[in-house]
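Working notes, beginning with the structure itself.
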Amino acid sequence: MKSTYLLLFFIITVSTFAQSQKFQSNDYAISRSDLETNTFEKDSTANALVIYELGNSYVDKHSFKLNTEFKQKLKIFNRKGFDHANISIYLYNSDDKKVKINNINATTTNLIDNKVVKTQLKESDIFEEKYNDNYTIIKFTFPNIKEGSVLTYSYTLESPFIYKYKGWNFQSEIPKLHSEYHASIPGNYEYNIKLVGGKKLTTNTSEIVKYCLKAGNGGSANCSNYVYVMKDIPAFIDEKYMTTRDNYLARIEYELKIYRDFEGGIDNITKNWKTTDKEIKSDPNIGKQLNKNVPSNDILEASILSQTDTLKKAKAIFETVKNKYTWNQEYDLFGDTSIKNAIKVKSGSASEINILLHNLLEQNNIQVKPILLSTRRNGLPTTVFPVISDFNYLIVQATINNKIYFLDATDSFLNFGQLPFRCLNQYGRLLDFKNGSKWIDIEDAYRSNSRYRVNISLDEALNITGDVNHITSGHHALSEKKSFFKNANQHQNKLIEKYKNFTISEYQAETAEPNSLEFKENFKINYEVDKIGENIYLDPFLFKFFEENPFKLQERSYPIDFGYKDAFIYSYKIAIDDAFEIAETPKDVSVKLPENAGLLVFKTTVKDNEIIMYFKLNFNRAIYVKEFYPYLKEIMSTVVNIQNNSTIVLKRK
């Protein structure tokens, strides 16, 4: 009996130990616990997990090329994680020089019938393909993948582009337990080092190693050796209302600032803005194009040239460029820009069209300045020092009667002073070749909103009829205008198809001009209400702004970027036949965001046999810092609940 108790104790102890085992995240070797542990407590939704990864970059003392050694240990939890067994490595090439990859090793390790089974990647299963003119891709897939597999792989990169020092991503779309990067930088290379993403390093150390490099002429350099470690890194999950993930992924970036050769020569790679402004001014694709004369008399009508009101003249020039010249969908800020060619073919890149707009306005005595910016998908430009390659777009600032307007002529549906959504990326660089460039905030000039006004009545036979007025403005109106003016019948049919619970008739759009800031449409509706038992239930929200809460994360580590200030308004008025009495109406709701950053109001008023309902959701900021996420998540949860669960209950008298 005693031995039985001991055996039972032993089994329970082993079982408890196995359940409490953790991943071995301090090195590349695979432990038994790595194979046996099949859940991740900190993120139960994770399909895969990086247990350990290490990067080591240094300049080879013989070849003087930048080498990077890479190792990663990865756990696959389930079949949804199998995609992480497909590896793609991008290799940069330029001017007959290219990054090479050596010593690729990849192994799949499984625990089968309590035995450790390793499967090695075959060299024949490694493929290379061309991605574009500057990149090739090395691809392979781990063999023998199963749920619970542990994958390890390593390789070495050899790069002749030491000025492009290898950056390091600590964060990815799956969680990581341990991410470590070593960087050895020779003293004759001085980099601006930037930690992006706002997450803290667990380890951040550096030391000087003397005479790490020696040149043939007797010159030498010391090296700064850095060690960066980040632990317990959550997965980066994309969610609505964000710009490119590159703005927020935790990583280290390098930008070469100064190069000193072994003979004592110095090359300042990263310039200051004063020097950069001079370079932009003399650049054939930007500065020289901005100074080109354009044939105003051939492009603009005589009535525009003779217009004495500055604002009216500017608007007329803006409309002319928008409607005469078609955007070819290219940005091409640093490409072969030619406004002469754009005028000739009546089409051009965003840069060509907006530089043409700039020059026409300037030649007609309207105060203008060009602005360089980076689009939302391109990421935020660095503000610490000039990095011209961060920019990919150009717009125009016009100052008229002491008021500033941001102009972009690439879209015929844009209103004067309205920017396309892609340009709403916080800030840009205002170019002033006389007084020097400066950073300025890029904000939409108008609040966008979507408004419904429903005015209906219920008769004794349970038929509902009435009118709907829908008004959108700003960016909400853009999509509506494009849909309507492209094909009015199709726009109306889409509306009918979308709302099948009632009949839509007598549709009419009041907006006549594509460049109007608002889009207005009216139509009639009718439908029959169902009676359930003794009660009649009415859903007042015939049109819903949000089908579900767009905010689903437990915690968000990056800002909530709507791009513009926004408002949603819904008013509902129903006259009820005297045959019925009102038994129940929805409860009023009032919620305010901190710092007066937004509000939600929902109110119902009953007067005689008429119900008036008012709903308003205001976002008073275009961008909210991450600390607002819990408040925004809660207010949107309330919005969805109001829209989906508000009910009016009637009873027949």
Side-chain angles (χ1 to χ4, degrees), residues 18-19 21-25 27-55 70-91 101 103-129 131 135-155 157 168-180 230-239 245-246 249-251 552-554:
Q19 290 174 13
Q21 280 180 314
K22 302 296 182 183
F23 294 103
Q24 184 172 301
S25 60
D27 62 35
Y28 185 63
I30 298 175
S31 69
R32 187 84 178 185
S33 62
D34 292 335
L35 293 165
E36 292 178 339
T37 309
N38 290 306
T39 58
F40 183 46
E41 294 176 359
K42 292 184 178 180
D43 185 355
S44 59
T45 65
N47 302 313
L49 169 71
V50 173
I51 303 172
Y52 174 86
E53 67 178 2
L54 173 66
F70 177 86
K71 293 180 178 181
Q72 188 180 88
K73 179 169 60 171
L74 177 73
K75 176 74 175 185
I76 303 294
F77 290 122
N78 52 49
R79 299 190 68 84
K80 291 181 180 179
F82 282 11
D83 285 345
H84 297 285
N86 301 319
I87 306 299
S88 295
I89 304 164
Y90 289 78
L91 306 179
I101 189 167
N103 305 322
I104 298 176
N105 287 293
T107 305
T108 303
T109 305
N110 292 305
L111 195 61
I112 302 174
D113 296 330
N114 209 32
K115 292 182 180 180
V116 177
V117 178
K118 293 180 179 290
T119 308
Q120 193 78 24
L121 176 72
K122 296 177 182 178
E123 190 173 343
S124 58
D125 292 331
I126 301 172
F127 304 96
E128 180 176 339
E129 66 180 52
Y131 178 67
Y135 284 93
T136 56
I137 311 177
I138 303 298
K139 291 184 174 182
F140 62 85
T141 299
F142 279 87
N144 198 25
I145 298 299
K146 301 179 185 298
E147 293 184 346
S149 294
V150 175
L151 316 181
T152 52
Y153 71 105
S154 62
Y155 57 83
L157 299 178
W168 183 258
N169 286 346
F170 292 103
Q171 194 173 25
S172 70
E173 66 274 12
I174 60 174
K176 296 182 179 182
L177 290 181
H178 183 105
S179 183
E180 183 171 339
M230 197 175 283
K231 295 185 178 183
D232 297 323
I233 312 155
F236 186 91
I237 302 174
D238 289 352
E239 196 177 49
R245 61 165 51 195
D246 288 343
L249 274 175
R251 67 188 187 278
K552 305 179 188 301
L553 301 178
Q554 289 294 109

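In what follows, residues are counted from 1 in the order of the sequence shown. Small disclaimer: the values here were computed from a predicted structure and weren't measured.
Of the possible polar contacts, none joining the Arg245 side chain to the Ile237 backbone as a donor-acceptor pair under 3.5 Å is found. In this structure, the side chain of Asp27 engages the main chain of Ala29 through a donor-acceptor pair within 3.5 Å. With Ser172 contributing its side chain and Ile174 its backbone, the two residues share a donor-acceptor pair below 3.5 Å. Between the Asp113 side chain and the Lys115 main chain, no donor and acceptor come within less than 3.5 Å of each other. Under the 3.5 Å distance criterion, the side-chain polar atoms of Ser33 are matched with a main-chain donor or acceptor of Lys22.
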Derivation and outcome, side-chain contact (heavy atoms from CB on, under 4.5 Å), residues Glu173 and Phe236: CA-CA 5 Å; Glu173 66 274 12; Phe236 186 91; 5.9 Å; no
Leu91 and Leu157: CA distance, side-chain angles, deciding distance, side-chain contact (heavy atoms from CB on, under 4.5 Å) verdict: CA-CA 9 Å; Leu91 306 179; Leu157 299 178; 3.7 Å; yes
Derivation and outcome, side-chain contact (heavy atoms from CB on, under 4.5 Å), residues Ile51 and Gln24: CA-CA 7 Å; Ile51 303 172; Gln24 184 172 301; 5.6 Å; no
Worked check of side-chain contact (heavy atoms from CB on, under 4.5 Å) between Thr108 and Ile145: CA-CA 7 Å; Thr108 303; Ile145 298 299; 3.9 Å; yes
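Looking at every heavy atom in both residues, Asn38 comes nearest to Glu36 through ND2-O, 3.2 Å. When all heavy atoms are compared, the tightest approach of Ala48 to Pro175 is O-CD, 3.6 Å.
A 4.5 Å side-chain heavy-atom check between Glu128 and Ile137 finds every atom pair outside the cut-off. Contact of the Glu239 side chain with the Lys552 side chain is registered, since non-hydrogen atoms from C-beta on lie closer than 4.5 Å. The closest side-chain heavy-atom distance from Ser179 to Trp168 is below 4.5 Å. A 4.5 Å side-chain heavy-atom check between Ile87 and Lys139 finds every atom pair outside the cut-off. Under the 4.5 Å side-chain criterion, counting only non-hydrogen atoms from C-beta, Leu49 is not in contact with Leu74. Under the 4.5 Å side-chain criterion, counting only non-hydrogen atoms from C-beta, Val116 is in contact with Leu35. Residues Phe23 and Leu177 have side chains in contact (heavy-atom distance under 4.5 Å, counting atoms from C-beta outward). Under the 4.5 Å side-chain criterion, counting only non-hydrogen atoms from C-beta, Leu151 is not in contact with Thr107.
Contact check on Lys75 versus Asp34 returns no salt bridge, with no Lys/Arg side-chain nitrogen under 4.0 Å from an Asp/Glu carboxylate oxygen.
Distance CZ/Phe170 to CE/Met230: 5.0 Å, rounded to 0.5 Å. Atom-to-atom distance recorded for Thr45:OG1 and Leu553:CG is 9.5 Å, nearest 0.5 angstrom. Between Asn144 atom CG and Gln120 atom CD the span is 12.5 Å, to the nearest 0.5 Å. The distance from atom OG1 of Thr136 to atom OH of Tyr90, rounded to the nearest 0.5 Å, is 10.5 Å. Once rounded to the nearest 0.5 Å, the distance linking CG of Leu249 with CG of Asp246 reads 6.0 Å. A distance of 15.5 Å separates OH of Tyr135 from CD of Glu129, quoted to the nearest 0.5 Å.
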Throw together a table of side-chain donor-acceptor distances under 3.5 angstrom for residues 76-85, partners on residues two or more places apart or in other chains.
residue : atom : partner : partner atom : Å
Asn78   : OD1  : Lys80   : N            : 3.1
Asn78   : OD1  : Gly81   : N            : 3.3
Asn78   : ND2  : Asn47   : OD1          : 3.2

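By the side-chain hydrogen bond (donor to acceptor under 3.5 Å, both in side chains) test, Glu123 pairs with no residue at all, sequence neighbours left out. By the side-chain hydrogen bond (donor to acceptor under 3.5 Å, both in side chains) test, Gln72 is found to be paired with Glu53, residues two or more places apart in sequence or in another chain being considered.
Outside the 6.0 Å centre-distance limit, the rings of Phe127 and Phe140 are not counted as a close aromatic pair.
Side-chain contact annotation: Asn110 with Lys118, donor-acceptor N/O pair under 3.5 Å absent.
Cation-pi geometry between Lys71 and Tyr28 is met: under 6.0 angstrom from the ring centre, within 45 degrees of the axis.
The aromatic rings of Tyr153 and Phe142 lie perpendicular to each other, with more than 60° between the two planes, well past the 30° mark.
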